Number of protein chains: 2
Amino acid sequence: MVHVARNCVICSRLTSDFSYGVDCCNACKMFFRRHVVKESPLKPCLSGNEVCPPDTLAGCQFCRFHKCLQSGMTLEPLIPKPPLNDFIENLSKLDSYRYQILCNYYPIDPDLNVATVLFFKKVMYTEREPESQMNFTSWIYMSALATIEVMKKFPFVYLAKPGDQLILTRSSFMNVSSFCAAFRAYSSNQEVLSFPDGSDVLPYEFVSSRYEEIGNRIRRRLISKFVDLKINKDEFLLLLVLIFCNPALPNLSETGQILVSTYQNVYSSALFQYCSQKYEKCGPIRYTELLSVISVIGKHAEDVNNYFVISQLHGIDCFIPSIVEEGINLL
Amino acid sequence: MVHVARNCVICSRLTSDFSYGVDCCNACKMFFRRHVVKESPLKPCLSGNEVCPPDTLAGCQFCRFHKCLQSGMTLEPLIPKPPLNDFIENLSKLDSYRYQILCNYYPIDPDLNVATVLFFKKVMYTEREPESQMNFTSWIYMSALATIEVMKKFPFVYLAKPGDQLILTRSSFMNVSSFCAAFRAYSSNQEVLSFPDGSDVLPYEFVSSRYEEIGNRIRRRLISKFVDLKINKDEFLLLLVLIFCNPALPNLSETGQILVSTYQNVYSSALFQYCSQKYEKCGPIRYTELLSVISVIGKHAEDVNNYFVISQLHGIDCFIPSIVEEGINLL
DNA sequence: ATCCACAGGTCAAAGGTCAC
DNA sequence: AGTGACCTTTGACCTGTGGA
């Protein structure tokens with residue numbers, strides 16, 4: 001039994017080991033394993049975004065990890081799959097965290113952008129005074145921030161390249177915010193979207209009834225879908241993740257696609273498992289019904305985009321924070 | 001040739017295999033085999049003592065092993081049966097180990113209990129100074145500890161559930177200690193039990209001759225039985241195991257009973273084999289004679305128990321370590 | 001002989017551990 | 001804290017053997 005030494009596909013060291021589907025030394029195996037299993041974030045690459053040369057890979061977590069992904073190391077079996085209840089509970093905590101930020105904080109910087117919220121270690125907030133007045137602009141600003149703060153806690157986001165993180169968050173935070181607002185309205189038997197203080201999510205009514213139509217679709221469509229489905233909190237939480245864990249986005253890098261589609265598998269399996277447990281043989285039907293919410297979110301996003309285009313055309317200028325513009329322009 | 005897939009009775013995986021008397025997948029077969037054949041200890045169950053769900057069984061050695069036993073996997077054919085000489089030599093080493101601890105060590109913690117000695121990874125001892133004074137209390141404390149340290153090295157103990165381990169050791173360590181002390185006295189032609197320094201195994205003489213009687217029985221009964229039988233070291237060692245490998249104990253769990261009765265079979269076969277080899281056609285008679293020692297141990301235990309009850313009644317208070325009390329209360 | 005069911009063995013890959 | 005050399009455990013696959 002002769003062990004033939006080959007080169008580690010990650011770091012080029014000589015090795016006879018084969019792990020996670022590739023020729024790879026024990027050190028790289030353990031490195032990859034740890035970061036996926038322990039869900040520990042990566043230190044960013046100091047040499048910009050280029051890939052470090054193999055002999056210095058050990059010094060750069062970021063490039064080493066992405067080399068692992070690019071080399072085809074099997075990711076999914078390593079992703080922790082906690083019991084469904086624990087997973088849902090964790091999602092619930094994240095949702096509360098989002099709502100907590102939305103209702104009680106305001107950033108020191110009044111014009112943050114997506115990149116800053118994603119990559120700065122500490123975005124500074126102050127607690128809002130109870131009497132502090134929130135208007136349309138500040139509500140959509142806080143909605144964006146609170147949502148991005150939560151999104152960046154998901155491994156497929158924080159393990160991705162900075163460019164991919166931007167694509168993922170920019171293209172989804174509006175949808176996620178709307179989705180959460182819709183579920184809050186649905187839970188309290190309201191038929192229209194509103195901000196936590198009850199104010200309207202649209203800044204003004206168009207005089208023309210033609211434009212009233214689109215406003216009402218924005219306010220009601222998601223909620224009435226929830227009513228149709230009689231969706232519950234657990235289903236909402238499990239769907240929420242699937243909204244932004246979407247590998248079909250254009251311009252994602254190769255490793256970004258691997259990350260997103262792998263985690264999407266994991267999350268959709270969780271939803272499927274939930275449906276099977278709760279609805280037994282009707283589980284698959286329920287699963288399909290729930291997934292149909294995602295296309296409704298798509299229509300909602302279209303409406304939102306159109307609404308902003310129309311209001312621009314009408315010259316109605318109501319201040320849109322630049323971070324929100326980043327989200328709208330990408331729709 | 002149709003292989004019908006069934007569910008593994010241990011882990012529920014689909015399989016067509018049948019091993020060790022049950023429908024069971026190859027993985028569970030190898031798992032069970034290894035732990036019995038290699039006599040490798042089990043990592044304790046993290047979820048308390050409940051049985052892990054089948055799909056996570058592979059992650060918990062303890063629950064998986066006990067599921068194997070409970071499912072009726074045949075245990076005995078897998079138990080290693082080394083040549084009799086090797087087995088006896090191994091027992092002899094364990095006995096020396098016990099005597100070594102008894103004579104030369106003292107634990108850092110002066111009031112250990114049975115559970116701690118059984119389940120803690122490392123019970124800390126210090127070497128005793130030759131001049132260190134041992135009194136009655138410290139001798140019975142060390143006897144208990146040394147005996148339990150040896151008992152926990154037997155597979156039917158360390159493979160058992162924690163609750164069964166407690167029952168097994170608590171109910172036997174006093175008997176085992178007495179049995180060993182008796183053989184040491186017999187070997188050096190003494191007629192009464194004593195601690196290694198020659199001091200009396202009972203803390204004081206009752207003045208009344210009625211109570212002197214019981215003290216003398218405790219001191220002499222076992223030794224005179226050994227003299228009657230002209231027992232030798234090998235026989236002593238083989239009997240020693242049978243004293244604490246006793247499936248008749250109340251409250252043993254189902255798997256505890258399986259373990260203890262199976263190992264008792266193995267050990268009594270070894271004694272029978274020894275007798276047959278050494279005494280040829282008189283072997284069975286010798287075997288029966290030797291087994292009668294076990295009932296003598298029972299009488300001895302009764303005397304010890306009564307002695308302690310009497311001394312309590314007389315208000316003679318001489319400190320009994322709590323670990324020893326655990327052993328007396330169960331007699 | 002030759003099937004085949006089950007016992008037992010092998011080894012690559014996965015999963016820990018621990019000193020640095 | 002993170003790393004990686006080294007160790008243990010697992011289970012898919014293989015070989016051996018005895019009965020029909």
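Computed from a prediction, not measured in an experiment: that's the story for all the values here. Per chain, numbering begins at 1; letters A, B, ... match sequence-line order.
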Enquirer: Going by heavy atoms in the side chains, are A:Arg33 and A:Tyr20 under 4.5 Å from each other?
Expert: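 Yes. Closest side-chain heavy atoms under 4.5 Å.
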Enquirer: So, do B:Pro82 and B:Asn90 sit near enough that their side-chain heavy atoms are less than 4.5 Å apart?
Expert: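 Side-chain contact under 4.5 Å: no.
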Enquirer: Distance check needed: C:dA7 P versus B:Phe18 CZ, whole Å only.
Expert: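 My rounded result for the distance is 8 Å.
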Enquirer: Please tell me which of the listed nucleotides, D:dG11, D:dG4, D:dG2, lies nearest to the side chain of B:Arg13?
Expert: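 That would be D:dG11.
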Enquirer: Is any side-chain heavy atom of B:Pro107 less than 4.5 Å from a side-chain heavy atom of B:Met142?
Expert: yes
Enquirer: What integer distance in Å separates B:Tyr20:OH from C:dC6:P?
Expert: 12 Å
Enquirer: Could you check whether A:Lys38 gets within reach of a base, just the sugar-phosphate, or nothing at all, counting any heavy atom under 4.0 Å?
Expert: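 Nothing, no nucleic acid heavy atom in range.
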Enquirer: Do B:Phe32 and B:Phe65 have ring centroids that are under 6.0 Å from one another?
Expert: yes
Enquirer: Would you say a side-chain N or O of B:Ser19 is under 4.0 Å from OP1 or OP2 of C:dA7?
Expert: yes
Enquirer: Using a cut-off of strictly less than 4.0 Å between a heavy atom of the residue and any atom of DNA chain C, enumerate the qualifying residues of residues 21-36 of chain A by number.
Expert: A:Lys29, A:Met30, A:Arg33
Enquirer: Mind calculating the distance between CD (B:Glu76) and C1' (C:dA7) to the nearest angstrom?
Expert: 17 Å
Enquirer: Rounded to the Å, how far apart are A:Asp17 CG and C:dA12 P?
Expert: 10 Å
Enquirer: So do the side chains of A:Val266 and A:Phe87 get within less than 4.5 Å of each other, counting heavy atoms only?
Expert: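 A side-chain contact under 4.5 Å is absent here.
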Enquirer: Using the benzene-type ring in the case of Trp, are the ring centres of A:Phe244 and A:Tyr267 under 6.0 Å apart?
Expert: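 No, ring centres 6.0 Å or more apart.
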Enquirer: Is the distance from OP1 or OP2 of D:dG11 to the nearest side-chain N or O of B:Arg64 less than 4.0 Å?
Expert: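 Checking B:Arg64 against D:dG11: at least one side-chain N or O falls below 4.0 Å of OP1 or OP2.
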Enquirer: When you measure from the side chain of A:Lys43, which nucleotide among D:dG2, C:dG8, C:dG15 comes out closest?
Expert: D:dG2
Enquirer: Is it possible for you to check whether B:Arg128 lies under 6.0 Å from the centre of the six-membered ring of B:Tyr105, through NZ or CZ, and within 45° of that ring's axis?
Expert: no
Enquirer: Could you state the CE-C1' distance from B:Met73 to C:dG8, rounded to the nearest angstrom?
Expert: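 To the nearest whole Å, that distance equals 14 Å.
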Enquirer: B:Leu42 near the nucleic acid: base, sugar-phosphate alone, or nothing, with a heavy-atom cut-off under 4.0 Å?
Expert: nothing
Enquirer: Quickly work out the B:Leu14 CG to D:dA12 C1' distance and round it to whole Å.
Expert: 16 Å
